[in-house]
Amino acid sequence: MNFIPSSHTPRRIASLQPSATVILAAIGELDRVIACTKYCADVVPEVMSQPRTILADSWTANAEQIIAARSDLVIAAVPYQEKAVVEILKAGVRFLGLAPKTLADIYTDIATIAGVVGVSSRGEEIISIMQQRIEQVRARIVGLPRPRVFCEEWGKPLIASQAWVAELVEAAGGEFLGAPGRQISAEEVERFDPDILIAAWCGAGDRVPLEKIVVDRGWQGTRAARRPRVYCIRDEYLNTPASTLLRGLDALAFAIHPERFAVTDGIRQITSIPLPQP
């Protein structure tokens, strides 16, 4: 028997992406989420406060799971494989696919999801809060020097963080090095000689082995390692394109200008780096 929603807005949402779950929670519509991935709980712990079906994510979507959940809307986002999209479409459920790259894209996603569930004004409130917080941080770094920052979202292969992270680095008073979202060599990063190194690996939480990657890549001689200003920021704070990014902004602001911003949760700094061998 097919599930028929009680109104023109979706009532049973399957969220295959943590950012969508964050957005739905932020606009006060988490109760509509009847199925989500195990990763959603990392950024929205309250999602586990009541029974919900746990589904495969955007990368490994499964049509049978989606059908069994009796959802009337599936929200997913890149990265996903073509096979995963086929599985979502095969389920025959309305599909909202997100592909944000910039902060502007993220604001659009928030407005879109809020509009779909019929609470557009709440979406606009979240967007306004994000924009105001970013501008408040930007106002506090006016006139300060801009340290050069390399921020990575993956280690093997080495990939620079996304464009929205580059925007946050700039807002927090830094100069983002490299092409956002693109693969880069360890040798090229060494030639950049960044003042600050930041690792936020997708799926790694705060468990990036900072000392090991600096040594293995031969980065001991960089300015960042010598000072040392090498940090790990929780994956969820920089790689979840939603209001969670405000936590990442706070962490970036401390890493870039600790003389102006207080330490916050979700950031870890190494205290020493082994010297390079002669």
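Scope of the values below: all heavy atoms of this structure, side chains included, with no hydrogens, waters or symmetry mates. From a predicted model like this one, the values you see are computed outputs, not experimental measurements.
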- Query: So which pairs with a foot in residues 245-260 pass side chain to side chain donor-acceptor pair (under 3.5 Å), sequence neighbours left out?
  - Reply: Arg133-Asp250, His257-Glu259
- So do Leu246 and Met130 actually touch side chain to side chain, heavy atoms under 4.5 Å? yes
- Query: Any side-chain donor paired with an acceptor under 3.5 Å for Glu152 and Trp201?
  - Reply: yes
- Check: Val43 and Thr21 side chains under 4.5 Å, non-hydrogen atoms: no
- Task: Determine, stepwise, if the pair Ile13 / Val116 fulfils side-chain contact (heavy atoms from CB on, under 4.5 Å).
- Result: CA-CA 11 Å; Ile13 297 175; Val116 165; over 6 Å; no
- Message: According to salt bridge (charged side-chain N to carboxylate O under 4.0 Å, His left out), who are the partners of Glu29, at least two apart in sequence or on a separate chain?
- Response: Arg32, Arg122
- State the CG-OG1 distance between Leu73 and Thr9, to the nearest 0.5 angstrom. 10.0 Å
- Note on the structure: Shortest non-hydrogen pair, Thr240 vs Val22, comes out as CG2-CG2, 4.1 Å
- When rounded to the nearest 0.5 angstrom, what distance separates CD1 in Ile23 from CD1 in Ile75? 8.0 Å
- Message: Let me confirm one number: the CD1-CD1 distance from Ile106 to Ile127, rounded to the nearest 0.5 Å.
- Response: 11.0 Å
- Query: With sequence neighbours left out, what residues match Asp235 under salt bridge (charged side-chain N to carboxylate O under 4.0 Å, His left out)?
  - Reply: none
- Message: I want to check something: taking the side chain as every heavy atom from C-beta on, are Pro258 and Arg229 in contact at a cut-off of under 4.5 Å?
- Response: yes
- Note on the structure: Of all heavy-atom pairs linking Val263 and Ile267, the shortest is CG2-CG2, 4.3 Å
- Between the main-chain N or O of Asp72 and the side-chain N or O of Arg94, is there a donor-acceptor pair closer than 3.5 Å? yes
- Item | Backbone N/O of Ile233 and side chain of Asp206: donor-acceptor pair under 3.5 Å | no
- Item | Salt-bridge present (Arg148, Asp195; N to O < 4.0 Å) | no
- For the residue pair Trp164 and Lys101, establish whether any side-chain heavy-atom pair is separated by less than 4.5 Å. no
- Message: Using every non-hydrogen atom in the two residues, find where Gly181 and Gln162 come nearest and quote the distance to one decimal.
- Response: CA-NE2, 3.7 Å
- Message: To check you understand the geometry: which heavy-atom pair defines the closest contact between Ser161 and Glu153, and what is its length?
- Response: OG-N, 3.6 Å
- Query: Is it the case that one hydrophobic cluster holds both Ile67 and Leu55, taking links as side-chain heavy atoms less than 4.5 Å apart, direct or via other members?
  - Reply: no
- Item | Close side-chain approach of Leu89 and Phe95, heavy atoms under 4.5 Å | yes
- Message: Suppose we screen for salt bridge (charged side-chain N to carboxylate O under 4.0 Å, His left out). Which residues come up paired with Asp216, at least two apart in sequence or across chains?
- Response: Lys212
- Task: Check whether more than 12 heavy atoms from other residues, nucleotides or ligands sit under 6.0 Å from atom OH of Tyr39, and answer yes or no.
- Result: no
- Task: Verify the neighbour count for atom CD of Glu46: are there more than 12 heavy atoms of other residues, nucleotides or ligands below 6.0 Å?
- Result: yes
- Task: Please identify each residue that fulfils side chain to side chain contact (heavy atoms under 4.5 Å, CB included) with Ile34, with sequence neighbours left out.
- Result: Arg12, Ala69, Ser71
- Message: Assess the residue pair Val149 and Leu177 against the criterion (side-chain contact (heavy atoms from CB on, under 4.5 Å)); give the C-alpha distance rounded to whole Å, side-chain angles, the decisive distance to 0.1 Å, and a yes or no.
- Response: CA-CA 6 Å; Val149 181; Leu177 299 174; 5.8 Å; no
- Arg234 side-chain N/O to Gly205 backbone N/O, donor-acceptor pair under 3.5 Å: no
- Message: Once rounded to the nearest 0.5 Å, what's the spacing between atom CD of Gln131 and atom CZ of Arg138?
- Response: 10.5 Å
- Query: Does any non-hydrogen side-chain atom of Leu96 lie less than 4.5 Å from one of Val74?
  - Reply: no
- Task: Take the angle between the ring planes of Tyr231 and Phe254 and call it parallel below 30°, perpendicular above 60°, tilted in between.
- Result: perpendicular
- Whether Glu190 side chain and Trp219 backbone form a donor-acceptor pair below 3.5 Å: no
- Message: For a quick test of reading the model, state the closest non-hydrogen atom pair linking Leu238 to Val165 and the distance between them.
- Response: O-CG2, 3.5 Å
- Message: On a heavy-atom basis, which atom in Val214 and which in Ala225 lie closest, and how many Å separate them?
- Response: CG1-CB, 4.1 Å
- Task: For Gln132 and Ser128, test the side chains for any donor-to-acceptor distance below 3.5 angstrom and give the result as yes or no.
- Result: yes
- CA sep, side-chain torsions, deciding dist, call: Ile113, Leu98, side-chain contact (heavy atoms from CB on, under 4.5 Å): CA-CA 10 Å; Ile113 291 175; Leu98 310 177; 4.0 Å; yes
- Message: As an exercise, state the distance from CZ of Arg52 to SG of Cys40, rounded to the nearest 0.5 Å.
- Response: 9.5 Å
- What do the steps show when you test Ile141 against Phe261 for side-chain contact (heavy atoms from CB on, under 4.5 Å), and what is the final call? CA-CA 10 Å; Ile141 55 90; Phe261 297 92; 3.6 Å; yes
- Item | Atom pair CG (Leu197) and CG (Leu210), whose distance is rounded to the nearest 0.5 Å | 9.0 Å
- Answer yes or no: is there a side-chain heavy-atom contact under 4.5 Å between Ile27 and Glu125? no
- Message: Closer than 4.0 angstrom, basic N to acidic O: yes or no for Arg140 and Glu135?
- Response: no
- Query: Within a strict 4.5 Å, meaning less than it, do heavy atoms of the Pro228 and Thr271 side chains meet?
  - Reply: no
- By salt bridge (charged side-chain N to carboxylate O under 4.0 Å, His left out), which residues pair with Arg268, not counting sequence neighbours? none
